[in-house]
Every structure is written in C-alpha cells, then in structure tokens.
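Have a look at the structure below before the remarks.
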Amino acid sequence: NSNFTIEKATLSLFKLGDTTPNGCAGMKIIGDQTVMISAQNIWTTVGNYTLNSANLWSLSSNVFTLNSTNAYGYYFLEYSVSLMTANTGGDDIEMGVFIGTTLNSELTLSRRLSSETDVGIACGIGLFYVNGPDSTITLKIRNTTSTNNLTIKKSLVGFSQIRYVYSDVPLPIVLRSFNVEQQGNVVKLSWETASETENLGFNLYRKEDKGSFHIISSYTDNPNLWGCGTSSETHSYLYIDSDVEVGIHYTYMLSDVSYNTIEEKHYQFSRQVYLPLGIDLGEVFPNPFNPKFIIPFTLDTQQHVTIHLLNAQGIKIRTLTNAEYTPGSYQIPVYEPSLSSGIYFIQVQAGDQSEIQKIVMIK
C-alpha cells in the first residue's frame with residue numbers, strides 16, 4: 001500500500017453572539033499518526049488526539065462526548081487540511097465530520113490528488129447541531145479509490161457553541177428528531193416535532209451518493225406531509241421511500257414551510273442510509289469437479305455467511321463455512337475426496353439472502 005501524507009490540518013469552531021466561553025473544546029495531534037485504511041470507501045477516525053482544552057466536553061478514543069446538557073445547541077465549524085499521497089497514480093479522498101453516527105453532509109469535502117507530488121488543500125465551513133446525550137463529534141477520512149493508508153502530520157480541532165442567535169422571524173417548528181432506517185427494500189423516514197408555529201407542511205429531500213439534493217415528496221401534493229399549523233403539542237410523521245435501489249448511499253433532509261411560504265431546511269438533521277447489495281455468489285469452479293472446487297463470493301457489507309454442502313435430495317452433508325466476513329471478495333476452497341459421483345448443491349446464506357447452486361462430482 002501507498003501512504004497519504006497530511007502535512008497540516010486544522011479544525012476549529014467560532015461562537016457567534018455571546019463571547020463568553022461555553023461548550024468549547026479542543027484537541028491536537030502531536031507527531032505523525034497513521035490512519036489504517038482497511039477497505040475502500042470506509043470512514044476511519046483521524047489520528048491520535050490529545051486533549052488541549054475543554055469545557056462541557058470530554059475526549060476518549062479520538063471522539064468528543066458532551067458531559068453536560070448545557071452543551072446542546074448550534075456550533076459553527078471551519079477546518080482546512082493539506083495532504084499528499086505516495087501513490088503515483090493519485091487518489092480521491094474525502095474529509096468528513098460526524099455528529100454522533102451521522103455524517104454532516106454540509107461539512108464533507110472531496111479532493112482529487114493527481115500524483116504523489118500533488119499537495120491537496122481541503123477547506124470547510126458550516127454549522128452543526130447537538131441535541132442529545134448520545135451526540136459526539138468525530139473527524140474522519142476515507143479513500144474512495146484505493147486502500148492506501150493515510151499519515152496525519154498535524155491536526156488541531158476546536159469548537160465553540162453559538163449561545164445566542166437573534167431573529168425577528170419565529171421558527172415554524174421545533175424539530176425533536178428525524179430518523180432514517182432501511183426496512184427490507186424500502187427506507188422508512190420518521191420525525192417528531194416538539195411544537196409548530198404556522199406550519200404549512202414539509203418537504204423531503206434526497207440525494208444519491210455524491211449527487212445533489214432534490215425533492216422526493218412535498219406537502220403540496222402529499223397530505224401526509226401537511227403540518228399542524230400552530231401547536232405546542234408533540235406530533236409524529238411518517239414517510240416510506242420505496243423508489244430506492246440497492247448498492248446506493250442515500251442522504252435525506254427535511255424542510256418545513258411556514259404560512260408565508262418561508263422554507264427552513266434542517267441540514268443539521270440530515271441522515272444517511274445505505275441499501276447493501278448483500279452477497280454475490282459467483283460460479284463454483286471447476287464444475288464438474290473431482291475432488292476439489294472453489295466457491296467464490298463477494299460482500300459489500302459485513303455479514304455472517306454460512307455455506308452448506310447438500311446432497312441431491314437437499315439434505316445437508318456438512319457446513320463448509322460459518323463465520324463473520326468483512327466487505328470484500330473471497331474464495332472458499334473445498335476438498336471432498338469421500339463424495340461419490342453425482343449431483344450436489346451449494347447453499348449460501350447471508351442475512352436475509354439465500355442462494356443455491358448445483359455442482360457435479362465426476363470420478
């Protein structure tokens with residue numbers, strides 16, 4: 001593997017409004033740190049941080065965790081990173097900030113490094129929102145074209161809470177939660193408001209992989225997305241997105257529209273989901289066999305895989321593998337000298353998927 005060399009990285013946040021420190025924290029990397037990239041497109045935490053300063057936050061395993069409800073609220077973030085790769089053919093990399101387990105899409109940046117002499121600069125600025133005890137802040141990086149490892153030379157991280165935001169326009173809603181989850185071959189979106197003020201309704205936005213957000217459903221033609229006007233009670237909403245395909249990363253965002261048609265997009269609540277392809281069983285070879293054969297398969301998500309050898313009546317003869325596998329391509333060698341000539345079956349199970357393939361033994 002080749003290495004990325006990140007020459008300099010800074011990450012900091014600045015408070016707007018009140019200047020009294022509150023909800024502030026900082027950390028830094030001292031000396032070179034290698035980030036091991038186990039697989040392409042896998043987010044990996046940046047560096048080995050040491051705590052610089054903190055107020056209402058604690059640092060453990062390179063992840064900031066809030067230790068006071070006073071830290072709830074908005075934060076303003078900007079960061080810059082300079083980096084290189086030792087790969088002569090270059091690589092594509094992405095920097096991202098995770099709030100809890102959710103990638104903040106507005107703070108995600110892509111950079112193409114054309115060669116080992118290309119010094120890349122990535123800069124980002126934006127807002128994020130902390131709204132619960134499970135909120136954390138993590139800086140991550142991934143290589144989207146190879147498994148080259150990354151070397152962090154220097155990195156500084158700091159953030160500060162926006163304590164006061166002044167506005168003469170009342171927010172149409174107070175959004176309590178926005179959840180996105182895969183359910184079979186569809187995506188379930190649910191959200192809850194703590195209160196609503198002159199709320200006409202909601203728009204749902206979606207983007208595929210690195211594309212742009214577009215509306216997939218709106219209160220203008222979907223009564224299920226109508227708002228409750230003005231209410232101080234909790235209201236729950238549900239939408240099922242069935243127009244999805246496996247093997248694609250989807251990012252969803254919610255907006256609300258007030259009586260005077262002002263739209264408020266909730267970027268801080270954007271959520272991502274991936275519909276995995278699951279397992280892809282290749283052709284067993286050689287087929288016919290005597291007495292050796294190989295079972296090839298590919299996984300795009302970590303799964304528990306079980307492979308059985310069955311006789312012509314579908315009765316299990318033995319289990320060939322029963323283990324957890326990480327994403328990647330595999331070849332399972334099988335040696336069965338005791339089998340007699342005839343028809344057999346390979347049964348592969350991974351999650352909800354099951355595939356069967358016929359093989360023939362000829363002595």
Quick one: closest heavy-atom pair of Y344 and N311, and the distance?
CD2-CA, 3.9 Å

Nearest-0.5 Å distance that lies between atom CG in L200 and atom CD1 in I262
11.0 Å

Is a side-chain donor or acceptor of R176 paired with a backbone partner of V174 at a separation under 3.5 angstrom?
no

Can you check whether I279's main-chain N or O pairs, donor with acceptor, with Q353's side chain at less than 3.5 Å?
yes

Would you say V360 and I362 make side-chain contact, with heavy atoms under 4.5 Å?
yes

Return the CG to CD1 distance between L310 and I343, rounded to the nearest 0.5 Å.
13.0 Å

Can you give me the closest heavy-atom contact between Y335 and P291, atom names plus distance?
CE1-CG, 3.4 Å

Got a second to check how far S217's OG is from L225's CG, nearest 0.5 Å?
4.5 Å

Any carboxylate oxygen within less than 4.0 angstrom of a Lys/Arg side-chain nitrogen, looking at D241 and R206?
yes

Whether the N143 and T145 side chains hold a donor-acceptor pair (N or O, under 3.5 Å, no angle test) is what I'd like checked.
yes

Side chains of E336 and S338: does their closest heavy-atom pair fall under 4.5 Å?
yes

Evaluate the criterion side chain to side chain contact (heavy atoms under 4.5 Å, CB included) for residue pair L189 and L238; output intermediate values, then yes/no.
CA-CA 6 Å; L189 296 91; L238 175 67; over 6 Å; no

Inspect the surroundings of CG in D243 and state if more than 12 heavy atoms from other residues, nucleotides or ligands are less than 6.0 Å away.
no

For the residue pair D280 and T298, confirm or rule out a side-chain donor-acceptor distance under 3.5 Å.
no

Heavy-atom closest pair (P296 atom, L281 atom, distance to 0.1 Å) is O-CD1, 3.5 Å

Show the numbers, then the answer: is there a side chain to side chain contact (heavy atoms under 4.5 Å, CB included) between D209 and I248?
CA-CA 6 Å; D209 293 328; I248 297 178; 3.9 Å; yes

Using atom types as modelled and distance alone, determine if a side-chain donor or acceptor of S115 lies under 3.5 Å from a backbone N or O of G90.
no

Sorted by chain and number, sequence neighbours left out, salt bridge (charged side-chain N to carboxylate O under 4.0 Å, His left out) with E181 holds for none

Joint cluster assignment, I332 & L339, ILVMFWY side-chain distance < 4.5 Å:
yes

Would a hydrophobic clustering, with Ile, Leu, Val, Met, Phe, Trp and Tyr connected at side-chain separations under 4.5 Å, put Y252 with L175?
yes

Do Y250 and Y274 make the cut of ring centroids closer than 6.0 angstrom?
no

Are T193 and T234 packed together at the side-chain level, in the sense that at least one heavy-atom pair is separated by less than 4.5 angstrom?
no

Row check, F213 ring normal vs K207 NZ/CZ: under 6.0 Å, within 45°:
yes

Regarding H308 and T319, do their side chains bring together a donor and an acceptor under 3.5 Å, going by distance alone?
yes

When rounded to the nearest 0.5 angstrom, what is the spacing between CD in Q347 and OG in S354?
4.5 Å

E208 side, atom CD; T251 side, atom OG1 - distance, nearest 0.5 Å
9.0 Å

For the residue pair S218 and N203, what are the closest heavy atoms and their distance?
OG-OD1, 2.6 Å

The single option from Y239, Y219, Y237, W226 passing side-chain contact (heavy atoms from CB on, under 4.5 Å) against F202:
Y237

Is I317 reachable from I295 through a run of I, L, V, M, F, W or Y residues, each pair having side-chain heavy atoms under 4.5 Å apart?
yes

Tell me yes or no: between the side chains of Q268 and N104, is some donor less than 3.5 Å from an acceptor?
no

Hydrophobic clusters here meaning ILVMFWY residues chained together by side-chain heavy-atom distances under 4.5 Å, can you tell me if F98 and Y267 are in one?
no

Can K140 and E94 be counted as an ion pair, charged N to O under 4.0 angstrom?
no

Assess whether side chain to side chain contact (heavy atoms under 4.5 Å, CB included) is satisfied between Q357 and V284, documenting all intermediate values.
CA-CA 8 Å; Q357 191 172 132; V284 175; 3.4 Å; yes

Beyond-backbone contact of I346 with L309, side-chain heavy atoms, under 4.5 angstrom
yes

F297 and Y325: ring pair (Phe, Tyr, Trp, His ring centres under 6.0 Å), yes or no, with the steps?
CA-CA 11 Å; F297 66 89; Y325 288 85; 5.4 Å; yes

Exercise: identify the closest heavy-atom pair between L66 and W57:
N-CE3, 3.3 Å

Indicate if I99 and V63 have the same hydrophobic cluster label, given that clusters are the connected sets of ILVMFWY residues with side-chain heavy-atom separations under 4.5 angstrom.
no

If you apply the rule side chain to side chain contact (heavy atoms under 4.5 Å, CB included), what do you find for I137 with T65, and how did you get there?
CA-CA 7 Å; I137 301 173; T65 304; over 6 Å; no

Is the number of heavy atoms from other residues, nucleotides or ligands under 6.0 Å of E324 CD greater than 12?
yes

Given side chains that start at C-beta, do those of I215 and L204 come closer than 4.5 Å, heavy atoms only?
no

From the list H266, E263, K265, side-chain hydrogen bond (donor to acceptor under 3.5 Å, both in side chains) partner of S255 resolves to E263

Close side-chain approach of M361 to P288, heavy-atom, < 4.5 Å:
no

Pairwise distance OG1(T44) to CD1(I37) - rounded to 0.5 angstrom
4.0 Å

Hey, are the side chains of N199 and S258 touching, using non-hydrogen atoms and a 4.5 Å cut-off?
no

T144 side chain to N41 side chain, donor-acceptor N/O pair below 3.5 angstrom:
no

Please report the closest heavy-atom contact between T102 and S270, naming both atoms and the distance.
CG2-O, 3.0 Å

For the side chain of T321 and the backbone of T306, is there at least one donor-acceptor N/O pair under 3.5 Å apart?
no

Any donor-acceptor pair under 3.5 Å from K188 side chain to N179 backbone:
no

Going through the distances and angles, do F285 and F293 end up as a ring pair (Phe, Tyr, Trp, His ring centres under 6.0 Å)?
CA-CA 6 Å; F285 65 93; F293 61 90; 9.6 Å; no

Residues N148 and D91: side-chain donor-acceptor under 3.5 angstrom:
yes

Answer whether the closest heavy-atom distance between the side chains of W43 and L103 falls below 4.5 Å.
yes

